[in-house]
Amino acid sequence: MAKQQYWLMKSEPSECSIDDLAAAKKQTVPWFGVRNYQARNYMRDQMQVGDGVLFYHSSCPEPGIVGLATVSSTAYPDETQFDKKSHYYDEKSTREEPRWMLVDVTLDRKTRLLSLPELREAPELADMIILKKGNRLSITPVTAAEWKAVLKRLG
DNA sequence: GCCAACGTTGGC
DNA sequence: GCCAACGTTGGC
């Protein structure tokens, strides 16, 4: 068993909020719609069942961490890439060679909102990738120390 | 709605 | 392989 890893995963609440995750069957959702190679590579190559996930709401009135989750599957193809009616359809992807992979994410627990301004104030979190200027990556690795500091602040 | 920052595309 | 143009992200 490899060492536990931690991630921050952004989701737009209008697309899939923490409440949507809580209401989902088995409180689990496939993390569909990622169309960025770096984020895909994290899911495909590095994520393991049991990894910790900070669930983050982006592009909304109150951006921030809103819950804790767990990676609950290894990587498999994102079905939406094959669906012509989907916003995430990719005509260059085939079933033989799918371009986009995803993992399942299962809710651990909802938390209070740990807001973006609050994250910025925390000295232990100063190096979080998500807080760096210009960062747009929807999935970023989180260090064990950052994970611990976030948990401490969530109480 | 604005805009900075970044990723992708495509012409050469 | 370069790089300009374009599209997207995401906070404000």
Side-chain angles (χ1 to χ4, degrees), chain A residues 5-24 28-47 51-71 75-143 145-147 149-155:
Chain A
Q5 307 175 102
Y6 304 98
W7 309 94
L8 183 144
M9 300 174 79
K10 294 181 193 170
S11 182
E12 299 186 17
S14 57
E15 183 90 12
C16 180
S17 71
I18 191 73
D19 289 321
D20 293 332
L21 177 59
T28 297
V29 294
W31 206 261
F32 64 87
V34 168
R35 295 295 179 269
N36 169 283
Y37 290 106
Q38 205 176 339
R40 177 206 65 183
N41 291 349
Y42 284 140
M43 290 199 282
R44 189 190 61 186
D45 305 334
Q46 292 188 237
M47 282 194 186
D51 282 359
V53 174
L54 302 175
F55 192 107
Y56 180 95
H57 279 172
S58 67
S59 293
C60 61
E62 292 188 306
I65 293 166
V66 292
L68 302 175
T70 304
V71 173
Y76 63 95
D78 179 342
E79 274 301 310
T80 64
Q81 72 195 299
F82 307 122
D83 178 2
K84 283 196 172 135
K85 283 174 290 190
S86 170
H87 173 64
Y88 299 111
Y89 176 65
D90 185 343
E91 60 176 8
K92 292 182 190 150
S93 191
T94 65
R95 292 215 175 253
E96 293 70 32
E97 285 186 70
R99 182 183 286 199
W100 305 109
M101 306 291 277
L102 53 68
V103 299
D104 288 343
V105 171
T106 300
L107 181 66
D108 177 8
R109 64 180 170 99
K110 281 177 66 173
T111 64
R112 72 177 180 90
L113 170 71
L114 183 53
S115 71
L116 181 56
E118 216 177 328
L119 292 171
R120 289 196 189 284
E121 278 173 18
E124 320 93 284
L125 301 177
D127 290 330
M128 278 189 88
I129 296 169
I130 188 154
L131 301 181
K132 307 235 182 217
K133 188 175 174 185
N135 170 72
R136 299 185 313 170
L137 248 193
S138 64
I139 298 175
T140 51
V142 169
T143 67
E146 288 162 353
W147 176 267
V150 167
L151 287 196
K152 192 183 85 187
R153 272 155 206 283
L154 286 171

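Quick note on labels: first sequence line is chain A, next is B, and so on, each numbered from 1.
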List the atom pairs, with distances to 0.1 Å, where a side-chain N or O of residues 51-58 of chain A and a protein N or O form a donor-acceptor pair under 3.5 Å, not counting sequence neighbours.
residue, atom, partner, partner atom, Å
A/Asp51, OD1, A/Gln5, N, 3.3
A/Asp51, OD2, A/Gln5, NE2, 3.0
A/Asp51, OD2, A/Trp7, NE1, 2.9
A/Asp51, OD2, A/Gln48, N, 3.1
A/His57, NE2, A/Ile18, N, 3.0

[Y] and [X] side chains, donor-acceptor separation under 3.5 Å:
{"X": "A/Ser17", "Y": "A/Asp19", "value": "no"}
{"X": "A/Arg35", "Y": "A/Thr80", "value": "yes"}
{"X": "A/Tyr76", "Y": "A/Asp104", "value": "yes"}

- Query: Can you check whether A/Glu12's main-chain N or O pairs, donor with acceptor, with A/Glu15's side chain at less than 3.5 Å?
  - Reply: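 Answer holds: no.
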
- Query: Quick one: does A/Gln38's side chain have a donor or acceptor within less than 3.5 Å of a partner on A/Leu137's backbone?
  - Reply: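 No, because the side chain of A/Gln38 does not come within donor-acceptor range (under 3.5 Å) of the backbone of A/Leu137.
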
- Query: Got a sec? Which of residues 91-105 of chain A come in under 4.0 Å of DNA chain C, heavy atoms?
  - Reply: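 Listed by number, there are none.
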
- Which value, rounded to the nearest 0.5 Å, describes the distance between A/Leu131 atom CG and A/Leu116 atom CG?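 Reported to 0.5 Å precision, the distance equals 6.5 Å.
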
- Footprint string (nucleotides 1-11 of chain C, 5' to 3'): B base within contact, S backbone only, - free, heavy atoms under 4.0 Å: ------BBBBS

